[in-house]
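Whatever order the structure lists them in is the order used to number ligands and atoms, beginning at 1.
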Amino acid sequence: DPAVTLRDVHKRYGRGNSAVHALRGVGISLPRASFTAVMGPSGSGKSTFLQCAAGLDRPTSGSVLLGDTDLTKLRESRLSDLRLTRLGFVFQHFNLLPALTVYQNIRLPLKLAGRPVDRGAIEQMLARVGLPDRARHRPGELSGGQQQRVAIARALITDPDVIFADEPTGALDTTTAAEVLTLLREAVDNLGATVVMVTHEPSAAAWADRVLFLVDGEVSDELMLGDPEEIS
Ligand code: ADP
Ligand code: ADP
C-alpha cells in the first residue's frame, strides 16, 4: 500500500461568510520510498496540505491514511504517539532546542517515545549527516546548514515511515541547501523513507521524484521527474 493517501480532503478555516476553503478535494497517493515536492503560489494551501497529511491538523472532510491507518479516525493521544514513532519533521528554521547539545537534540525523539537510547546509533547518525565531532556543541554554535543537518538527524533517529519537510532549504544558501537535499534524497534511496517537502524553489523540487502543484486548494498538476516519458 502507499505510504500516504489523501482521499477527497477538504479543509475550511472559520465559518459562514468569512470561511476560507484552503483545500478543495485533494486526492493523492504517495508510494513508499518516494520523494514528493509540493509547490504552488502563496496561499494555495501547501502548509494546510502538509499539516493535514502529517496529522497536525484535521481535515474538515475526507480521509488521510498513513499506510492503512486513517488518521482522521484517531484520538489526539494516538495521533501524537503516531507522529512521534512513525513520522519525522523538518522545518525552515530548524526548531532545535537551543539549551540542549546536538547529541541531546537528536536523542530527544527517542526519549519522548520512551524508546531505549543507543549511543552508538546516535553517533552513527551524526556521522551520516556529516557532523561526527559536533555532539557536544549547542545549535547556536553551528551554521544554518549544520543546524538543518542536525534537524534531519533528529527526524531520522526514530526510523520514521514518512518525513515532512516545510521549506527545509528556505533559510539556506545554494551550497548548504544541496547538502540538506542530499540527506533527504539518501533517506529515500538508502533508508526507504517517504519524503514530502513543501518548497517554492524549483532547484529544491528538482531533487524529488514528483512535484504536486497546488492552486487555490486543488492539485492542478502532478509532474513525474526523471521519467523520460514525461520529459519528452
Ligand atoms: P500556503 O502554504 O500555500 O501559503 P496555506 O495553507 O498557508 O497556503 O493557506 C491556504 C489558505 O488558508 C490561505 O487563504 C490562508 O490565508 C488560509 N489559512 C491558513 N491557515 C489559516 C488559519 N489558521 N486560519 C484561517 N485561515 C487560514
Ligand atoms: P543527560 O545528562 O542529558 O542524560 P548524557 O549523560 O547522555 O546527558 O550526556 C551528557 C553530555 O555528554 C551531553 O551534553 C551530551 O551532548 C554529551 N554526550 C553524550 N554522549 C555522547 C557521545 N557519545 N559523544 C559525544 N558527546 C556525548
Distance-minimising heavy-atom pair for Leu97 and Pro139: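 So the two residues come closest at O-CG, 3.6 Å.
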Phe91 to Gln148 - nearest heavy-atom pair and separation: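 It is O-NE2, 2.7 Å.
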Ligand 1: protein residues within heavy-atom distance under 4.0 Å: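 Near ligand 1, by chain and number: Tyr13, Val20, Ala22, Pro41, Ser42, Gly43, Ser44, Gly45, Lys46, Ser47, Thr48.
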Pairwise side chain to side chain donor-acceptor pair (under 3.5 Å) hits with a residue in residues 152-161, at least two apart: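 Passing the test, one end in residues 152-161: Arg86-Asp161.
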Residues that His137 engages under side chain to side chain donor-acceptor pair (under 3.5 Å), provided they are two or more places apart: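 Here no residue qualifies.
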Donor-acceptor under 3.5 Å (Arg12 side chain, Thr60 main chain):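 Here the side-chain-to-backbone pair does not exist.
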For Ala155, all residues meeting side chain to side chain contact (heavy atoms under 4.5 Å, CB included), sequence neighbours excluded: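 Val90.
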